There are 2 protein chains.
Amino acid sequence: MPAVSDCKDMLDSETKAVETPEDHAEELRLWLRLLTCTTLIEGEVRGRLRQRFDVTLPRFDLMAQLDKAPDGMTLSDVSKRMMVSNGNVTGLVERLVESGHLDRRTSETDRRVQVIRLTKLGRAEFRRMASEHETWIADLFADLTPKDVRELMRLLAKTKASAQKSAARRKP
Amino acid sequence: MPAVSDCKDMLDSETKAVETPEDHAEELRLWLRLLTCTTLIEGEVRGRLRQRFDVTLPRFDLMAQLDKAPDGMTLSDVSKRMMVSNGNVTGLVERLVESGHLDRRTSETDRRVQVIRLTKLGRAEFRRMASEHETWIADLFADLTPKDVRELMRLLAKTKASAQKSAARRKP
DNA sequence: GGAAAACATTTTAGGCTTAAAATAATTTGG
DNA sequence: CCAAATTATTTTAAGCCTAAAATGTTTTCC
């Protein structure tokens with residue numbers, strides 16, 4: 001049963017709008033559940049990548065970005081796509097170049113820019129891992145019906161848009 | 001329109017069940033979208049906590065767990081709840097004890113066990129941060145209707161159960 | 001043209017995170 | 001009882017990650 005004041009705003013004795021301390025417990029629970037799901041799946045994927053291929057999740061993610069860009073990407077692009085800091089990408093790339101998975105060169109038209117690509121080895125290894133990775137994801141989501149998946153996609157798109165709007169409000 | 005083979009298994013010319021390389025692109029896209037949402041919101045919350053209260057997200061999360069347990073928790077409990085490694089909790093606790101937010105003592109009935117609690121200061125600071133934190137979350141999810149929230153809660157519960165089942169299959 | 005602003009990247013300092021090994025305490029099964 | 005197994009925690013080594021400052025390059029705009 002609803003509590004006494006179930007409305008968004010109240011009118012006080014002088015008929016002036018008053019901010020009610022609103023209850024956002026549901027949104028909070030939703031956020032925690034979202035975080036739990038992601039942490040759970042991420043941990044599982046991380047563990048399988050390590051055990052099966054001895055590779056870390058961030059390296060896999062970086063290679064996944066590059067696999068979609070045959071002509072390479074700049075570090076900034078990668079950083080935006082992966083939603084991590086520039087400095088973070090610098091370090092990841094360094095290690096993947098060292099291990100022979102990535103190729104890095106300075107752009108000829110703008111000497112500030114570094115362009116990175118998968119090497120032949122990098123692409124081959126990534127493809128091998130990615131196909132197994134896909135089956136893990138399928139297994140992790142196995143109990144969802146196609147309708148569940150569609151519905152989640154829709155609601156998460158809405159969530160993403162809402163969060164982006166909120167983030168933009170903070171730093172315009 | 002569906003491709004030629006839209007079924008889960010095929011019967012080959014000798015009427016034997018054959019594994020078709022299935023297409024799990026939808027689940028993959030769902031996973032990436034889930035990850036994007038979480039990363040986006042997490043980054044926003046992390047930034048606000050830092051700017052507004054000069055506190056890190058993991059410290060806030062740890063305090064949140066303890067706020068719900070007035071009698072304290074063991075490190076193992078905390079580690080399970082937060083879904084992070086034991087060693088990670090050891091370090092976090094160390095820093096929060098140092099700063100005066102946490103109280104740590106060895107259990108009297110089992111000398112292996114460490115019990116931690118919020119100090120008066122820790123609880124006061126957490127409550128102050130938590131109430132503002134709740135408004136950030138509400139704002140981040142502001143465009144979702146109550147129905148969207150309910151539906152997401154339901155689908156994420158299903159997702160969590162599915163992932164847990166899959167994780168259990170791997171390491172029984 | 002050249003100073004100032006903008007941009008891409010790297011460096012730095014500090015904190016977070018994990019997996020695995022080590023340590024210490026308790027429980028279990030002969 | 002006590003050796004072996006289990007449990008809770010800490011330590012270790014390596015990598016990830018961020019924000020902020022520093023560096024080098026290009027663009028803007030007077």
Side-chain angles (χ1 to χ4, degrees), chain A residues 35 38-40 42-63 72-99 101-102 104-116 171, chain B residues 35 38-40 42-63 72-99 101-102 104-116 171:
Chain A
L35 188 56
T38 300
T39 305
L40 184 60
E42 200 172 17
E44 197 60 22
V45 171
R46 183 198 317 285
R48 296 191 199 201
L49 281 174
R50 185 181 45 75
Q51 288 190 351
R52 189 81 181 75
F53 300 115
D54 192 32
V55 74
T56 67
L57 186 49
R59 287 181 205 198
F60 180 83
D61 286 345
L62 174 43
M63 288 195 274
M73 297 173 80
T74 70
L75 292 195
S76 289
D77 287 346
V78 170
S79 146
K80 282 190 201 84
R81 286 295 187 100
M82 294 181 72
M83 297 196 285
V84 300
S85 67
N86 282 339
N88 190 0
V89 173
T90 295
L92 278 172
V93 166
E94 206 164 64
R95 289 182 282 271
L96 281 168
V97 168
E98 168 68 25
S99 64
H101 293 84
L102 259 55
R104 164 212 261 159
R105 60 187 171 74
T106 301
S107 162
E108 293 182 7
T109 60
D110 184 340
R111 277 182 304 176
R112 289 171 303 183
V113 174
Q114 301 285 315
V115 179
I116 56 174
K171 39 180 176 186
Chain B
L35 188 55
T38 300
T39 305
L40 183 61
E42 199 172 19
E44 196 60 22
V45 170
R46 183 198 317 284
R48 295 191 199 202
L49 280 174
R50 186 181 46 74
Q51 288 191 350
R52 189 80 180 76
F53 300 114
D54 193 34
V55 74
T56 67
L57 186 50
R59 288 181 203 197
F60 179 83
D61 286 345
L62 174 43
M63 289 196 271
M73 297 174 80
T74 70
L75 292 197
S76 290
D77 287 346
V78 170
S79 146
K80 282 190 200 83
R81 287 296 188 98
M82 293 182 72
M83 298 196 285
V84 301
S85 67
N86 283 339
N88 190 356
V89 173
T90 296
L92 278 173
V93 166
E94 206 163 66
R95 289 181 283 270
L96 280 167
V97 167
E98 168 69 24
S99 64
H101 293 86
L102 259 57
R104 164 212 261 159
R105 62 188 169 71
T106 301
S107 161
E108 293 182 6
T109 59
D110 185 340
R111 278 182 303 175
R112 289 171 302 183
V113 175
Q114 301 285 316
V115 180
I116 56 175
K171 39 179 177 190

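Lettering follows sequence order; numbering is per chain, from 1. None of these values were measured; they are calculated from a predicted model.
Residues satisfying the side-chain contact (heavy atoms from CB on, under 4.5 Å) test with A:Glu42, not counting sequence neighbours, are A:Thr38, A:Arg46, A:Leu57, B:Trp31, B:Leu35. For B:Arg111, the side-chain contact (heavy atoms from CB on, under 4.5 Å) partners two or more places apart in sequence, or in a different chain, are B:Thr106. Qualifying side chain to side chain donor-acceptor pair (under 3.5 Å) partners for B:Thr39, counting only residues two or more places apart in sequence or in other chains: none. With sequence neighbours excluded, no residue forms a side chain to side chain donor-acceptor pair (under 3.5 Å) with A:Thr56. When the side chain to side chain donor-acceptor pair (under 3.5 Å) test is applied to A:Arg112, the partners found at least two apart in sequence or on another chain are A:Asp110. Residues that satisfy the side chain to side chain donor-acceptor pair (under 3.5 Å) test with B:Glu108, not counting sequence neighbours, are absent from this structure.
In summary, contact between chain B and DNA chain D, defined as any nucleotide atom under 4.0 Å from a heavy atom of the protein, begins and ends at D:dT7 to D:dA20 in the 5' to 3' direction.
Sorted by first and then second residue, the side chain to side chain donor-acceptor pair (under 3.5 Å) pairs with a member in residues 80-90 of chain B read B:Ser79-B:Asn86; sequence neighbours excluded. Listed by first and then second residue, the salt bridge (Lys or Arg N to Asp or Glu O under 4.0 Å) pairs that reach into residues 48-61 of chain B are B:Glu44-B:Arg48, B:Arg52-B:Glu132, sequence neighbours excluded.
Of the inter-residue distances, the one linking A:Met82 atom CE with A:Met73 atom CE reads 9.5 Å to the nearest 0.5 angstrom.
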In 5'-to-3' order, the base (B), backbone-only (S) or no-contact (-) status of each nucleotide in nucleotides 11-20 of chain C, using a 4.0 angstrom heavy-atom cut-off, is B---SSSBSS
Between protein and nucleotides 21-28 of chain C, what N or O pairs are separated by less than 3.5 Å?
| unit_1 | atom_1 | unit_2 | atom_2 | d |
| --- | --- | --- | --- | --- |
| C:dT26 | OP1 | B:Arg111 | N | 3.1 |

| query | Can you list the steps and then say if A:Ser107 with A:Thr109 is a side-chain hydrogen bond (donor to acceptor under 3.5 Å, both in side chains)? | reply | CA-CA 6 Å; A:Ser107 162; A:Thr109 60; 3.2 Å; yes
